[in-house]
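Throughout, residue positions are numbered sequentially from 1 according to the sequence presented.
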Amino acid sequence: MKIDKIKITFNNDFEKIVERDNVKNFNSLVDWLDMFNNNESVNILTMFGKELGSSFSIDKNNIKSIKII
C-alpha cells in the first residue's frame with residue numbers, strides 16, 4: 001500500500017493533511033506515525049516543505065491522533 005496522505009489532528013482539534021508531494025521527509029512522518037500509534041517513545045519531528053522556508057514540527061504532547069487517509 002502506497003501512503004500518500006496523513007491526517008494529523010492536534011489537541012485543539014486543528015487538522016492538518018500532509019501529502020507526500022509537499023514534504024521532503026514524508027517517510028520519516030510515516031515512521032513517526034507508526035511509533036506514535038504503537039505508544040512507543042517519539043521525539044519532536046520537523047517536517048520540511050518543498051518550498052523554501054516552509055516547515056512545521058509535531059510534538060507527541062500536542063497530537064490527539066495521526067492516521068493514514
Side-chain angles (χ1 to χ4, degrees):
M1 174 173 86
K2 184 176 179 187
I3 301 169
D4 290 321
K5 293 182 184 179
I6 292 178
K7 178 181 173 183
I8 303 170
T9 304
F10 294 88
N11 288 337
N12 64 358
D13 292 325
F14 174 77
E15 296 178 346
K16 180 166 185 69
I17 305 295
V18 180
E19 297 183 37
R20 177 179 294 278
D21 294 339
N22 294 337
V23 294
K24 293 179 182 178
N25 53 336
F26 188 82
N27 289 333
S28 296
L29 178 60
V30 173
D31 293 341
W32 195 96
L33 174 149
D34 287 337
M35 292 172 61
F36 179 85
N37 287 335
N38 288 320
N39 293 320
E40 296 178 30
S41 178
V42 290
N43 294 317
I44 293 174
L45 177 65
T46 300
M47 302 299 303
F48 298 100
K50 294 197 174 177
E51 295 178 15
L52 183 62
S54 64
S55 65
F56 67 94
S57 296
I58 55 174
D59 179 348
K60 68 178 180 178
N61 297 319
N62 293 331
I63 303 296
K64 183 185 288 187
S65 69
I66 183 168
K67 62 183 178 180
I68 298 165
I69 56 172

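Atoms CZ and CD1, from Phe14 and Ile8 in turn, are 9.5 Å apart once rounded to the nearest 0.5 Å. Distance NZ/Lys16 to CE/Met47: 9.5 Å, rounded to 0.5 Å. Between the NZ atom in Lys7 and the CG atom in Leu33 there is a gap of 13.0 Å [rounded to 0.5 Å]. Atom-to-atom distance recorded for Ser41:OG and Met35:CE is 6.5 Å, nearest 0.5 angstrom.
Judged as a side-chain contact (heavy atoms from CB on, under 4.5 Å), and not counting sequence neighbours, Asn39 has no contacts. Scanning for side-chain contact (heavy atoms from CB on, under 4.5 Å) contacts around Asp4 gives Lys2, Arg20, with sequence neighbours left out. Applying the ring-ring contact (aromatic ring centres under 6.0 Å, His included) test to Phe36 and every residue at least two apart in sequence or in another chain returns Trp32. Partners of Phe48 according to the ring-ring contact (aromatic ring centres under 6.0 Å, His included) rule, which considers only residues two or more places apart in sequence or in another chain, do not exist here.
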Only distances under 3.5 Å count here; give the side-chain donor-acceptor pairs of residues 56-69 to other protein atoms, sequence neighbours excluded, each with its distance to 0.1 Å.
residue: Ser57; atom: OG; partner: Thr46; partner atom: OG1; Å: 2.9
residue: Asp59; atom: OD1; partner: Asn61; partner atom: N; Å: 3.1
residue: Lys64; atom: NZ; partner: Asp13; partner atom: OD1; Å: 2.3

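Listed by first and then second residue, the salt bridge (Lys or Arg N to Asp or Glu O under 4.0 Å) pairs that reach into residues 28-47 come to none, sequence neighbours excluded.
No side-chain heavy atom of Leu29 sits under 4.5 Å from any side-chain heavy atom of Val23.
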For the pair Asp21 and Phe26, evaluate side chain to side chain contact (heavy atoms under 4.5 Å, CB included) and give the outcome as yes or no after the intermediate values. CA-CA 8 Å; Asp21 294 339; Phe26 188 82; over 6 Å; no
